[in-house]
Amino acid sequence: MTQSVVVQVGQCGNQVGCRFWDLALREHAAVNKKGIYDEALSSFFRNVDTRSGDNGPDIYKGKICSLKARALLIDMEEGVVNEILQGPLRDVFDSKQLITDVSGSGNNWAVGHKIYGCQYRENIVEKLRKTAEYCDCLQCFFIIHSMGGGTGSGLGTFVLNLLEEEFPEVYRFVTSVYPSGEDDVITSPYNSVLAMKELNEHADCVLPIENESLFEIVNKIHQMINSGKLGSTVKQSSLVTSSAGNAKTLPEKPFDAMNNIVANLLLNLTSSARFEGSLNMDLNEISMNLVPFPRLHYLVSSLTPLYTLADVNVPSRRLDQMFSDAFSRDHQLIQADPKHSLYLACALLVRGNVQVSDLRRNIERLKPSLHFVSWNQEGWKTGLCSVPPVGHSHSLLALANNTCVKPTFIELKDRFMKLYKKKAHLHHYLQIDGMEQSCFSEAIASLSDLIEEYNELDATKGGPRIDPSRLKIAV
């Protein structure tokens, strides 16, 4: 069994990370009734003998003694991390997994990347190495951060570079929360574009998530529940926005429901690495099968169902509906419509009592309405995990490498250019050592090149399918 390490950076990264660990414990508790430390738990948790203090040895078999998350928590303000340490998850982390400062990055990518990056480099590397040493077979680093702030975007992408330097063989999955157009951070377009250049160059896979989409999904769920249209009670534990039944005893915060959606995405993404199934999908297979070109590694994600009803036996029609929903605009975690754009490849990760025949039937049913690139018409990757999420009989995570991410990047570029043309707020960045105006021009050029690569692919959509000419072998 392989292990993964979660690196959560900045306020958003740590708040999403907090929800992930909480829901992961809930999920394992629902499956692991006897409290035995098994391979499923070992993928994200160590089992530590704390009877002689926090530095006790790891226990590889038998009863759970004290679970410690395979995680590194980084924030240049103490607030969120301190809150986690005072909450119900305090025993899952120890002080050796934390890196904090007091002053914050002031919504400035350059402060996070150039100042704090240099200042904390050795400390971060040391803690990453220590976390990696506890793994028998380290397969993947998950970075969770936001693009709009200073620490998440700046220090988050600095850590990404470090991971590539120190652990070049280990996959780097990045969950990036993109700001909405009405973001309260004026400099977020600068921070996001500067961070995008680093993501283009150093990540294996990026799962972009937009605040706006999360907000709309939360609203939609609340409307459905409150309108009484469902004509039936909803299982509270089944909501992708729900915290019901986990370790949390504190009142929910405004962003908890949105963060729970991202946490559920990560739980479903890693389910095959944690539980058995008839068709397991390894994390490295996602990158191998879904990323045909190194820079086009942005995967659009969708989760279904968003909830289940308590008193309905789930017929096959509802199973088919789950597959249809995964390709609808309403279920995407960014503002995009993949059905009307071009697919490079698509992965379906199904959990619960679903058969391979159900998968095949739905792929055949949906295929005619989806546009795939001519050279990858059979670009499907599928995974079946037998353990469903808590409160569900089955669920589906769809990951699409699709040109529908392009409008998100174009909008980000437009917002960047509005500020950059006026040179507004530039002086805050240029006064930082090592930061020059060329950093901005290189970042926007990198984003423009990425958009152009998607344009070139889009230009092939709808054209006649041309089989590539075969190689002629000289005799």
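Position 1 is the first residue of the sequence, and the numbers go up from there.
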Without swapping roles, check the side chain of [X] against the backbone of [Y] for a donor-acceptor pair under 3.5 Å.
X    : Y    : value
N264 : N260 : yes
H297 : L199 : yes
R365 : D320 : yes
Q11  : D75  : no
Q97  : A71  : yes
D204 : R172 : yes
S192 : P189 : no
N401 : L344 : no
S153 : G148 : no
Q332 : A326 : yes

Please round to the nearest 0.5 Å and tell me the distance separating atom [atom1] of [X] and atom [atom2] of [Y].
X    : Y    : atom1 : atom2 : answer
S176 : I334 : OG    : CD1   : 11.5 Å
D337 : R329 : CG    : CZ    : 5.0 Å
Q335 : S180 : CD    : OG    : 9.0 Å
N14  : S146 : CG    : OG    : 10.5 Å
L384 : H394 : CG    : NE2   : 12.0 Å
L333 : L303 : CG    : CG    : 5.5 Å

Just wondering, are more than 12 heavy atoms of other shown residues or ligands nearer than 6.0 Å to CE in M417?
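For M417, atom CE is crowded (more than 12 foreign heavy atoms under 6.0 Å).
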Contact between [X] and [Y] at the side-chain level, heavy atoms closer than 4.5 Å - yes or no?
X    : Y    : result
Y343 : P338 : yes
Y178 : M196 : yes
E77  : T151 : no
L296 : L457 : yes
S272 : L349 : no
K220 : D330 : yes
M76  : I99  : yes
N284 : T2   : no

Check [X] against [Y] and note the closest heavy-atom contact, atom names and distance.
X    : Y    : value
S4   : L283 : OG-CD1, 3.8 Å
N191 : G149 : ND2-O, 3.4 Å
R274 : S43  : CG-OG, 3.0 Å
A345 : F372 : CA-CE2, 4.1 Å
P179 : M147 : CD-CB, 4.1 Å

Pair D414, K418 - check side chain to side chain contact (heavy atoms under 4.5 Å, CB included), show working.
CA-CA 6 Å; D414 290 345; K418 273 182 191 169; 5.6 Å; no
Take Y298 and F409, measure what ring-ring contact (aromatic ring centres under 6.0 Å, His included) needs, and give me the verdict at the end.
CA-CA 11 Å; Y298 294 86; F409 298 154; 5.1 Å; yes
Below 30° counts as parallel, above 60° as perpendicular, anything between as tilted: where do the rings of W380 and F327 land?
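W380 and F327: perpendicular rings.
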Any pair with a residue in residues 97-123 that passes salt bridge (Lys or Arg N to Asp or Glu O under 4.0 Å), sequence neighbours left out, goes on the list, sorted by first then second residue, please.
R121-E165
Does the side chain to side chain contact (heavy atoms under 4.5 Å, CB included) test come out yes or no for E83 and Q15, once each step is laid out?
CA-CA 10 Å; E83 214 170 278; Q15 285 175 335; 5.7 Å; no
Out of the candidates N108, V111, L194, only one should pair with M435 under the side-chain contact (heavy atoms from CB on, under 4.5 Å) rule; please name it.
L194
Check the pair Y454 / S341 against side chain to side chain donor-acceptor pair (under 3.5 Å), numbers first and verdict last.
CA-CA 10 Å; Y454 282 113; S341 301; over 6 Å; no
Residues Q437, L430; criterion side chain to side chain contact (heavy atoms under 4.5 Å, CB included); working and verdict:
CA-CA 7 Å; Q437 200 154 329; L430 299 179; 3.9 Å; yes
State, without any angle test, whether [X] and [Y] hold a side-chain donor-acceptor pair at a distance under 3.5 Å.
X    : Y    : value
N107 : Y190 : no
S188 : R415 : yes
T157 : E198 : no
S446 : N200 : yes

K367 vs E364, test: salt bridge (charged side-chain N to carboxylate O under 4.0 Å, His left out). Steps then yes/no.
CA-CA 5 Å; K367 243 163 84 172; E364 289 305 318; 3.7 Å; yes
Can you confirm whether or not the ring centre of F141 sits under 6.0 Å from the ring centre of F173?
no
State yes or no: are the ring centers of F142 and W21 separated by less than 6.0 Å?
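No: the rings miss the under 6.0 Å criterion.
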Working note: Y120 + F158, criterion ring-ring contact (aromatic ring centres under 6.0 Å, His included); need CA distance, chi angles, decisive distance, verdict.
CA-CA 10 Å; Y120 284 96; F158 183 85; over 10 Å; no
Do K423 and Y420 form a cation-pi contact, if we require the NZ or CZ to be under 6.0 Å from the six-membered ring centre and within 45 degrees of the ring's axis?
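Yes; both conditions hold, so K423 lies above the ring face of Y420.
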Starting from the C-alpha separation in whole Å, work towards a yes-or-no answer on side chain to side chain contact (heavy atoms under 4.5 Å, CB included) for K461 and T403.
CA-CA 10 Å; K461 186 181 152 212; T403 58; over 6 Å; no
